[in-house]
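Sequence positions, counted from 1, serve as the residue numbers for this chain. Just so you know, ligand 1 is whichever comes first in the structure, and atom 1 is the first atom listed for that ligand.
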Amino acid sequence: MEQRQQVVKAFAARGVEPDAIVLGVTGTPGSGKSSLVARLTTHLLDHDHSLRIGVVAVDPSSHLSGGSLLGDRTRLRPSASSGRLFFRSQASATELGGLGPSSFQVCRLLAYLVDMVLVETVGVGQSEADVRHLADQVYLVLQPLGGDEVQFLKAGIIEVPHAFVLNKCDEPQAQQSLHHLQSSLWLARPFDTEPVPVFQTSAKTGQGIGELAEAMAATLHGAHPGIVGREPYFFERWVKDEWGRVGTAYLERSLGGSADCLVRSGGFEAAQRDFHDRLVASLTRAPVGAHP
Ligand SMILES: Nc1nc2c(ncn2[C@@H]2O[C@H](COP(=O)(O)OP(=O)(O)OP(=O)(O)O)[C@@H](O)[C@H]2O)c(=O)[nH]1
Ligand SMILES: [Mg+2]
């Protein structure tokens, strides 16, 4: 925490802002997320010679070792892009995937260093919908006849993505799956004012990669809230992870919530330290049987 604070201070002293756009790439296991990310980063870096990209791949924790599978690193072979691509693979905290406890902190630091952060998370369900708290745009990757549309409808995640990517469109069932997906979208997202984009790609043949990469590159020029705006959510999550319900109740009732805490302390790490000190002080002062 100390080191992180020093890094953040050093950036601030140089006038560097954490203003990278964060794009989430999520979807079922094996749908081709890592292959797509490898293709997309190569395309993006080759077409913009000043662009810097950070990739954070959150792997499901290995049940055997408890560590990250770290398999995806091997797929990224940036050619002329050396020095402009940062790749980090990290273990996910949960069995299902979703964000790891440090995913936010890694993205936050990367947001100072690069122009675009791509976060790959695995799975279907609420924990994966988590990526919306971190990413400015979420891309949901599906594969032909995965039956994923039905699962996404059930899990409520179909409402989250800003765009859908039907990958493996080199496979014969791709067209049929596109129709399934489009009818599911029509049913599940009746309130979309504009039709949600559906990209058809093949990370194998390269089909559709240029179109998707261009859509991603276009997000660089749009307004986005920036990762600092995500701090209150992740501060609250940190409190919950570290201190459970007692912490959450103290944060809300005695400190006025996470946004107030962050402003009062003047930054994430300072707020973590202040919160710790205040909660410990309040617990040690509290009479026996009293609740914070
Ligand atoms: N035919 C075809 N196969 C693909 C395509 N994209 C990926 N694959 C294959 O699908 C398998 C899974 O690809 P990954 O890129 O590892 O998929 P992933 O979604 O990152 O997988 P996890 O991270 O394990 O969830 C690999 O065998 C890829 O070679 C594609 O567009 N077409
Ligand atoms: Mg992967």
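- Per-residue contacts place Glu171 under 4.0 angstrom from the following atoms of ligand 1 (heavy atoms of the residue considered): 1 (N).
- Taking every heavy atom of Ser202 and a limit of under 4.0 angstrom, the matching atoms of ligand 1 come to 31 (O).
- The closest approach between a heavy atom of Gln143 and any atom of ligand 1 is not below 4.0 Å.
- Between the side chains of Thr205 and Asp170, no donor-acceptor pair of N or O atoms lies under 3.5 Å.
- At a threshold of 4.0 Å, the pair Glu231-Arg108 counts as salt-bridged, since one of the basic side-chain nitrogens sits closer than that to a carboxylate oxygen.
- Counting heavy atoms from C-beta outward, Gln272 and His276 have side chains that stay 4.5 Å or more apart.
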So His43 and Leu212, side chain to side chain contact (heavy atoms under 4.5 Å, CB included) or not? Walk me through it.
-> CA-CA 10 Å; His43 186 101; Leu212 179 55; over 6 Å; no
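- No side-chain heavy atom of Gln143 sits less than 4.5 Å from a side-chain heavy atom of Ser177.
- Those atoms of ligand 1 with a heavy atom of Ser34 less than 4.0 angstrom away are 15 (O), 18 (P), 20 (O), 23 (O).
- Proximity of Gln105 to Glu269: side-chain heavy atoms (C-beta onward) are separated by under 4.5 Å at one or more points.
- Of the candidates Ser89, Gly208, Pro144, Ser35, the one placing a heavy atom closest to atom 15 (O) of ligand 1 is Ser35.
- For the Mg ion (ligand 2), the N/O/S atoms of Ser35 include none lying under 2.8 Å.
- The angle that Glu120 OE2 and Ser34 OG make at the Mg ion (ligand 2), rounded to 10°, works out to 90°.
- Those atoms of ligand 1 with a heavy atom of Glu120 less than 4.0 angstrom away are 20 (O), 23 (O).
- Backbone and side-chain nitrogen or oxygen atoms of Asp170 are examined, and one is located within less than 3.5 angstrom of a nitrogen or oxygen of ligand 1.
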Return all side-chain donor-acceptor pairs below 3.5 angstrom for residues 48-57, not counting sequence neighbours, or 'none' if the list is empty.
{"unit_1": "Asp48", "atom_1": "OD1", "unit_2": "Ser50", "atom_2": "N", "d": "3.0"}
{"unit_1": "Asp48", "atom_1": "OD1", "unit_2": "Ser50", "atom_2": "OG", "d": "3.0"}
{"unit_1": "Asp48", "atom_1": "OD1", "unit_2": "Leu51", "atom_2": "N", "d": "3.3"}
{"unit_1": "His49", "atom_1": "NE2", "unit_2": "Asp46", "atom_2": "O", "d": "3.3"}
{"unit_1": "Arg52", "atom_1": "NE", "unit_2": "Asp115", "atom_2": "OD2", "d": "3.4"}
{"unit_1": "Arg52", "atom_1": "NH1", "unit_2": "Leu113", "atom_2": "O", "d": "2.9"}
{"unit_1": "Arg52", "atom_1": "NH2", "unit_2": "Asp115", "atom_2": "OD1", "d": "3.1"}

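- Those atoms of ligand 1 with a heavy atom of Pro29 less than 4.0 angstrom away are 25 (O).
- Considering both main-chain and side-chain atoms, Cys169 never comes within under 3.5 Å of ligand 1 through any nitrogen or oxygen pair.
- With a 4.5 Å cut-off on side-chain heavy atoms, Phe104 and Val22 do not count as touching.
- Summarising the contacts of atom 6 (N) of ligand 1 with Leu36, Leu166, Thr205, Asn167, the nearest heavy atom is found in Asn167.
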